[in-house]
**Student:** 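My questions will all concern the structure given below.
Below, chains carry the letters A, B, ... as their sequence lines are ordered, and counting in each starts from 1.
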Amino acid sequence: MPDAQHPGSSIPEKPALEGLEAKWAEIWEQRGTHRFDRAAALAAGEDAVFSIDTPPPTASGSLHIGHVFSYTHMDLAARFNRMSGKQIFYPMGWDDNGLPTERRVQNYFGVRCDPTLPYIEDYKPPLEGGANSDGSGASSKAADQVPVSRRNFIELCERLTVEDEKQFEALWRDLGLSVDWSLSYRTIGHEAQIAAQRAFLRNLARGEAYQADAPTLWDVTFRTAVAQAELEDKDQPGAYHRVSFASAAGGVDGSGAVEIETTRPELLAACVALVAHPDDERYQALFGTTVTTPLFGVEVPVLAHHLAQKDKGSGIAMICTFGDVTDVVWWRELDLPTRAIIGKDGRLLAEAPAAELFSDAGRAIYAELAGKTVFSAKARTVELLRETGALIGEPKPITHPVKFFEKGDKPLEIVATRQWYISNGARDEALRDRLIEAGRSIDFHPDFMRVRYENWVGGLTGDWLVSRQRFFGVPIPVWYPLDAYGEPLHHEPIVPGETNLPVDPSSDPAPGYTEDQRNQPNGFVGEHDIMDTWATSSLTPQIAGGWGVDDELFHLVFPYSLRSQGQDIIRTWLFSTVLRAELEHGRVPWHNAGISGFIVDPDRKKMSKSKGNVVTPAAMLEEHGSDAVRYWAASSRLGTDASFDPQNPKQMKIGRRLAIKVLNAAKFVLSMPSVEPVETRSSVETPPSVEPAETHLDTVITNPLDIDMLAELSRVVAQATTAYRDYDHARALEVTEQFFWTFCDDYLELVKERAYTGDASSVTALRKAIDVLVRLLAPVIPFASDEVWSWTHSDSVHTAAWPVVDELAFAGGPRGVLPAASAALIGIRRAKTDAKASQKTGVLSATLAGPAIVAEALEDLKAVGRIAELSLIAADEVTVTDIVLDETPVA
RNA sequence: GGGCUCUUAGCUCAGUUGGUUAGAGCGCCACGUUUACACCGUGGAUGUCGGGGGUUCGAAUCCCUCAGGGCCCACCA
């Protein structure tokens, strides 16, 4: 391994990409190339800071190609701005709390959490790595999992996530992310817990966080409430059951009955009303009357509400507490009683809340259904309805979308529970307007992504449910006093002081109480819920920036310059971060939001694990090289989906070819006889106006072709810089790459004969061009770039100054010498190709037609074409009008 | 049902405020082993710019409309 101060300064015999990742990752770490220089930032002011709010990947998940894609986009911005003289604040976090970790720990170690169990010292879990050898699959079955205490469970979570995070970090280093690894954080870490609890307590103090006992979407597998942002529709088989209710008022058309259609007959015991549209003629006479439920014999009212749809089913619906979210709306707006029968385990409650209203037969029926799952209760109910004749016809099978927790595999139920909420604008128009306004003051890249944010804000149906009935997460930092009967006073929560954070109310006693008063009358009880993982992730700018802990740093980096993320988490991470910043700081958390597209397979389908079309990033980096993979990612603009065919990854080969070409071209240029060393301004500290080593370029570079090449390059510098400033890295790469290939294929060929002789103009121009090109390409191919840079510099290209037009100002504007010479060169090559001759075949004489400017490169054309006699006649287009090859075989 | 987005060569994509004959890379074909590069070089062929209509001297580009793909949201009796 080379010395960090003087890395491999010798040019290898045969430059190669292999090994560059490991070599440079280590040198960058040793040198602190990517460190945030706080002192310099303080001295230069916050305008000189470029801060990035990075997405903490789910530590228990696996990284896929989509991560590589969007994290590379973010790194391009970091590297460009670093070279532009900014102090880069580029932390990296791991999202390690939450359900994915719990589930992975259950599978990996074969355990499940049972909070009633005592802690066991030095606990040895039954499994290491799960039943599957890769440790990732659904290995241990739930029934086989050994129950362990909450503390043991959390210890296992922490143990596993630390291991996962090491692997993630290694991958990111391999990819060449220029993260300052001293700034890493974990969403379950000490600092994150403090920030999450402090923010929550401030929300509480301002009235933005509150409790409500209300119907909540509930996952029966994980036994936790879930939020709107975590919902996902899944198509499920179901059936319409037509059920007859007896009507004392005569029913429809005097039939004595009202028929409804339902997909959830098992909820019949929870029926509280029927509802039809107020304008529906069929039911006008029945509004205000009552009907009797089949099987249970409960009298329920027939009501009118505008949400009822005339054309759906029979036009009249059964309202149950609670079959779906529309039921909740009706229940609330029609002021109906609560007779919920589904428990938190997804089974019918042992005691029905309305049992006293049931008929005797109804009570017997319910006794049979109690304890059954929704699935078996439904089957039995249908049998009973059929036996009693209340089922009209046979159930009609349908497929319909049903709400699921995005990580769950059973339909959500609606259960009335006490939960914590944070205002998000759903019920507060003023806040919603502020959030929309906040979105408008962020520059989205591309701009249309803002619409997704606005749609989400505008479509919110309820406040943010932040409490989760889980174990591995940041505890909600409150306790409740118990009255003389031992009943908790939920409306009088006890809160800790901010200086005492973090707290765990399930193990720390409430302030002013002692631990032996826990769960005692007149004592206290700790809140056992934890926060939604987004309640922590929404504070990544605050956590990474030292909010409330290190105000000097926080003011330096907040609001951040850039949030970079995928489009799939606009509704969760982006929205919630804007919300928390608005509530806490009254301002937006960042100036720019760069939104990456996602990866689609050749069939235009989104890559996902469930479809089995993912490729592991580590294997990809290994196979193609990191620069090649980065090139592929950099070729796609923000917001644009990129296709990737794992079976045929030819797209990676293009970047690989570019990186290899850079190594070889640089080596070739540097092998030319050196006339006068060209020292370039290479330190960010050097003021741009002082370039002593370069002032003589214009006296050395005198050949018109050389000057024109640099003039073209100057234009490329301007275009690439503008593109990077606009977060259009793909455009920057495109113009740079196009010039680079012209430089290699045409210019380098044209001047190499001249350069071999030590011609000062061409050699100096070549070196200058390589020097600029390597810097232009450094964000995209950082490994090859720094390798090349190290051959002539002692510092890193990544802390070198981004090229500026002033460096090449002496060249003036492009005059067209290079394009004209290229066209002439192509003509000469074509003549040789047409004659099936080698390119090194000599030419006795040739005539070029073309504009006069070609004359300025005539000597170079003669040299590269091995042309003895070359004449030029005037024409608009460059063509070869006459050519006589030397047929003498080359010795 | 609403919103956003896309449709250009066999494939992946550029195409700026409307302006000559619509471009690149890959792939394909031919040629070439040249003292940077065989992980190579040189050259070549390849299009009804999704369909239709309109505005204009002029449309891949602007407008309308239709079709198709993708994503997000809503609906869930």
Side-chain angles (χ1 to χ4, degrees), chain A residues 11 14-18 231 233 235-236 238 240-241 243 260-264 267 274-276 307-309 312-320 323-327 330 398 400-403 446 448-456 458-461 567-568 570-571 597-598 600 602-606 625 628 632 635-637 639-645 648 650-651 653-654 656-672 730-731 734-735 737-738 741 744-745 748-749 752 756 825-841 864 866 890:
Chain A
I11 306 177
K14 223 172 156 47
L17 298 177
E18 279 67 32
L231 302 184
D233 281 355
D235 276 331
Q236 290 292 300
Y240 284 129
H241 303 76
V243 177
I260 61 102
E261 288 201 351
T262 179
T263 56
R264 305 209 55 183
L267 294 178
L274 300 190
V275 65
L307 277 184
Q309 294 177 30
K312 206 151 202 174
S314 57
I316 187 161
M318 156 174 100
I319 304 175
C320 300
D324 61 41
V325 290
T326 316
D327 279 345
W330 283 325
I398 55 158
H400 61 155
V402 176
K403 284 195 196 310
F448 68 78
M449 286 294 180
R450 181 201 330 278
V451 176
R452 302 197 179 193
Y453 167 83
E454 292 186 355
N455 284 351
W456 179 252
L460 287 166
T461 57
Q567 57 180 309
D568 49 331
I570 289 175
R571 69 174 181 170
F598 46 63
V600 294
D603 299 327
R604 297 270 108 192
K605 295 280 184 281
K606 187 178 172 183
W632 164 75
S635 303
S636 287
R637 294 171 301 171
T640 303
D641 297 346
S643 73
F644 176 69
D645 184 353
N648 185 20
K650 62 191 175 193
Q651 299 139 96
K653 298 203 159 47
I654 308 167
R656 185 175 175 83
R657 200 170 71 115
L658 174 68
I660 291 170
K661 190 76 171 183
V662 168
L663 294 177
N664 282 311
K667 180 195 159 199
F668 184 46
V669 164
L670 294 173
S671 74
M672 296 298 177
R731 175 82 184 151
E734 186 193 341
V735 296
E737 186 191 13
Q738 202 212 324
W741 283 105
C744 290
D745 296 346
L748 199 37
E749 293 296 327
K752 72 183 183 186
Y756 281 145
L825 178 56
I826 288 168
I828 295 164
R829 284 169 176 160
R830 183 182 308 156
K832 293 184 179 179
T833 301
D834 288 348
K836 298 190 191 296
S838 158
Q839 291 298 323
K840 70 175 183 181
T841 305
V864 67
R866 295 165 198 262
V890 180

**Student:** Using whole Å, report how far CZ of A:R452 lies from P of B:G3.
**Tutor:**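 Spelled out: CZ on A:R452 to P on B:G3 is 15 Å.
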**Student:** Calculate the interatomic distance between A:I826 atom CD1 and B:G43 atom P; express it in whole Å.
**Tutor:**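 Taking atom P of B:G43 as the reference, CD1 of A:I826 is at 5 Å.
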**Student:** When the C1' atoms of B:U7 and B:G47 are compared, how many Å lie between them, rounded to an integer?
**Tutor:**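 After rounding to an integer number of Å, I get 14 Å for this pair.
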**Student:** Of all the nucleotides listed (B:G70, B:U42, B:C26), which has the minimum atom distance to the side chain of A:Q839?
**Tutor:**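 Selected nucleotide: B:U42.
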**Student:** Which nucleotide in the list B:A14, B:U42, B:C75 gets nearest to the side chain of A:R731?
**Tutor:**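 Shortest atom-to-atom distance from the side chain points to B:A14.
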**Student:** Record whether the side chain of A:K836 comes under 3.5 Å of the base of B:C31 through a donor-acceptor pair of N or O atoms.
**Tutor:**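 Side chain to base: no pair below 3.5 Å.
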**Student:** Decide yes or no, distance alone: a donor-acceptor N/O pair under 3.5 angstrom between the base of B:C75 and the side-chain of A:D233.
**Tutor:**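 Side chain to base: pair present.
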**Student:** What integer number of Å spans the C1' atoms of B:U56 and B:C64?
**Tutor:**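 Going atom to atom, C1' in each nucleotide, I get 16 Å.
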**Student:** Choose from B:G44, B:C26, B:A36 the nucleotide whose nearest atom is closest to any side-chain atom of A:R830.
**Tutor:**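 My answer, after comparing the listed nucleotides, is B:G44.
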**Student:** Within this structure, what is the CH2-to-P distance between A:W632 and B:A24, rounded to whole angstrom?
**Tutor:**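 Rounded to whole Å, this separation is 25 Å.
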**Student:** When you measure from the side chain of A:V451, which nucleotide among B:G3, B:G43, B:C71 comes out closest?
**Tutor:**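 Of the candidates, B:G3 comes closest.
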**Student:** Give one of base, sugar-phosphate or nothing for A:R656, where a contact means two heavy atoms less than 4.0 Å apart.
**Tutor:**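 It contacts base atoms.
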**Student:** Tell me what A:E18 touches on the nucleic acid: a base, only sugar-phosphate, or nothing, going by heavy atoms under 4.0 Å.
**Tutor:**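 Base contact - A:E18 has a heavy atom under 4.0 Å of at least one base atom.
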**Student:** Do A:Q839 and A:T833 get their side chains close enough for a donor-acceptor pair, meaning under 3.5 Å?
**Tutor:**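 Result is yes, a qualifying pair exists.
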**Student:** How long is the line joining CG of A:L658 and C1' of B:A24, in whole Å?
**Tutor:**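 One finds 14 Å between C1' of B:A24 and CG of A:L658, rounded.
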**Student:** State, with a plain yes or no, whether a side-chain heavy atom of A:T263 is found less than 4.5 Å away from one of A:H400.
**Tutor:**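 In short, these two side chains touch, coming nearer than 4.5 Å.
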**Student:** Can you tell me which stems RNA chain B forms, taking runs of 3 or more consecutive Watson-Crick or G-U pairs with both distances under 3.5 Å?
**Tutor:**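 Only these stems qualify: B:1-7 with B:67-73, B:10-13 with B:23-26, B:28-32 with B:40-44, B:50-54 with B:62-66.
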**Student:** With a non-hydrogen cut-off below 4.0 angstrom, is A:T326 in contact with a base, only sugar-phosphate, or nothing?
**Tutor:**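 Touches sugar-phosphate only.
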**Student:** Using the C1' atom in both, what is the distance from B:C6 to B:C49, to the nearest Å?
**Tutor:**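 Result for the C1' pair: 14 Å, nearest Å.
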**Student:** How many whole angstroms separate atom NZ of A:K840 from atom P of B:U33?
**Tutor:**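 Taking atom P of B:U33 as the reference, NZ of A:K840 is at 7 Å.
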**Student:** Using the P atom as the reference point in each nucleotide, state the distance between B:G53 and B:C72 in Å, no decimals.
**Tutor:**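 Straight-line distance between the two P atoms is 36 Å.
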**Student:** Among the nucleotides B:G43, B:A14, B:A38, which one has an atom lying closest to any side-chain atom of A:K14?
**Tutor:**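 Nucleotide nearest to A:K14's side chain: B:A38.
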**Student:** CG of A:N664 versus P of B:C37: gap in Å, rounded?
**Tutor:**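 Checked: the CG to P distance equals 7 Å.
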**Student:** Looking at every strand, decide which applies to A:K403 at a 4.0 Å heavy-atom threshold: base, sugar-phosphate, or nothing.
**Tutor:**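 Base contact.
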**Student:** Between B:G70, B:G43, B:A14, which nucleotide gets closest to the side-chain atoms of A:T833?
**Tutor:**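 Side chain of A:T833 sits closest to B:G43.
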**Student:** Check every strand shown and say whether A:R637 touches a base, only sugar-phosphate, or nothing at a heavy-atom separation below 4.0 Å.
**Tutor:**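 Sugar-phosphate, backbone atoms only, no base.
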**Student:** Please report the distance separating the C1' of B:G18 from the corresponding atom of B:A59, rounded so that it comes out in whole Å.
**Tutor:**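 Looking at atom C1' only, B:G18 and B:A59 are 6 Å apart.
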**Student:** B:C73, OP1 or OP2 - any side-chain N/O from A:R571 closer than 4.0 Å?
**Tutor:**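 The answer is yes; a side-chain N or O of A:R571 sits under 4.0 Å from OP1 or OP2.
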**Student:** What distance, rounded to whole Å, do you find between the two C1' atoms, one in B:G3 and one in B:G23?
**Tutor:**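 B:G3 and B:G23 have their C1' atoms separated by 33 Å.
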**Student:** So does A:T841 get a backbone contact from the side chain of A:K832, meaning a donor-acceptor N/O pair under 3.5 Å?
**Tutor:**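 Indeed, once roles are kept as given, a pair shorter than 3.5 Å links the two residues.
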**Student:** Does the side chain of A:Y240 come within less than 4.5 Å of A:T262's, by heavy atoms?
**Tutor:**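 Heavy-atom side-chain distance check fails, nothing below 4.5 Å.
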**Student:** So which nucleotide from B:C26, B:C73, B:G44 ends up closest to the side chain of A:W456?
**Tutor:**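 That would be B:C73.
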**Student:** Starting from P on B:A36, measure out to CD1 on A:I660 and report it in whole angstrom.
**Tutor:**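 These atoms are roughly 17 Å apart.
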**Student:** Where each residue is assigned the nucleotide of RNA chain B containing its nearest heavy atom, which of A:T640 and A:D324 is assigned the position nearer the 5′ end?
**Tutor:**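 Taking each residue's closest nucleotide, the earlier one in sequence belongs to A:T640.
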**Student:** Between A:Y453 and B:C73, is there a side-chain N or O to OP1/OP2 distance below 4.0 Å?
**Tutor:**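 Negative; the distance criterion is not met.
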**Student:** When you measure from the side chain of A:I654, which nucleotide among B:G25, B:C71, B:A36 comes out closest?
**Tutor:**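 Closest nucleotide to the A:I654 side chain: B:G25.
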**Student:** NA contact type, A:C744, heavy-atom cut-off 4.0 Å: base, sugar-phosphate, or nothing?
**Tutor:**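 Base contact.
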**Student:** Would you say CD of A:Q236 has more than 12 non-hydrogen atoms from neighbouring residues, nucleotides or ligands within 6.0 angstrom?
**Tutor:**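 Count over threshold, so yes.
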**Student:** Using side-chain heavy atoms (C-beta onward) and a distance below 4.5 Å, is A:V275 in contact with A:L307?
**Tutor:**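 A:V275 vs A:L307: side chains apart.
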**Student:** Could you check whether A:E749 pairs with A:R866 (Lys NZ or Arg NE/NH1/NH2 to Asp/Glu carboxylate O, under 4.0 Å)?
**Tutor:**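 The answer is no: the pair does not qualify as a salt bridge.
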**Student:** Would you kindly check whether a donor in the side chain of A:Q738 faces an acceptor in the base of B:A14, or vice versa, at under 3.5 angstrom?
**Tutor:**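 Donor-acceptor pair under 3.5 Å: no.
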**Student:** Under the rule for side-chain hydrogen bond (donor to acceptor under 3.5 Å, both in side chains), what residues qualify as partners of A:R637, not counting sequence neighbours?
**Tutor:**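 Partners of A:R637 under the side-chain hydrogen bond (donor to acceptor under 3.5 Å, both in side chains) test: none.
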**Student:** Could you tell me whether A:E734 contacts a base, only the sugar-phosphate backbone, or nothing, with contacts defined as non-hydrogen atoms closer than 4.0 Å?
**Tutor:**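 Sugar-phosphate, backbone atoms only, no base.
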**Student:** Between A:T461 and A:V325, is there a side-chain heavy-atom distance shorter than 4.5 Å?
**Tutor:**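 When only atoms from C-beta onward are counted, A:T461 and A:V325 do not touch, as no gap falls below 4.5 Å.
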**Student:** Heavy-atom nearest nucleotide on RNA chain B for A:Q567 versus A:P15: which residue maps closer to 5'?
**Tutor:**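 Residue closer to the 5' terminus by nearest nucleotide: A:P15.
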**Student:** According to a strict under-4.0 Å criterion, is A:K661 in side-chain N/O contact with OP1 or OP2 of B:G41?
**Tutor:**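 Yes, because at least one side-chain N or O of A:K661 sits under 4.0 Å from OP1 or OP2 of B:G41.
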**Student:** Considering only atom C1', compute the distance from B:U48 to B:C57 and round it to an integer number of Å.
**Tutor:**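 Those two atoms are separated by 23 Å.
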**Student:** Name the nucleic acid region contacted by A:A308, choosing base, sugar-phosphate or nothing; use a 4.0 angstrom heavy-atom cut-off, strictly under.
**Tutor:**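 Counting heavy atoms under 4.0 Å across all strands, the contact made by A:A308 includes a base.
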**Student:** From the set B:C4, B:U42, B:A36, return the single nucleotide nearest to any side-chain atom of A:R829.
**Tutor:**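 So the nucleotide nearest the side chain must be B:U42.
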**Student:** Can you tell me how far P in B:C71 sits from the matching atom in B:C13, rounded to whole Å?
**Tutor:**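 These two P atoms come out 15 Å apart once rounded.
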**Student:** Within the pair A:K832 and B:G44, is there a side-chain N or O less than 4.0 Å away from OP1 or OP2?
**Tutor:**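 Checking A:K832 against B:G44: no side-chain N or O falls below 4.0 Å of OP1 or OP2.
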**Student:** Okay, side chain of A:D327, backbone of A:I319: is any donor-acceptor separation there less than 3.5 Å?
**Tutor:**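 No; zero donor-acceptor contacts below 3.5 Å.
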**Student:** If I take atom CG in residue A:L231 and atom C1' in nucleotide B:C73, what distance separates them, rounded to the nearest angstrom?
**Tutor:**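 So the two atoms are 12 Å apart, to the nearest Å.
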**Student:** Could you tell me if the side chain of A:L658 sits less than 4.5 Å from the side chain of A:W741, heavy atoms only?
**Tutor:**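 A:W741 reaches A:L658 side chain to side chain.
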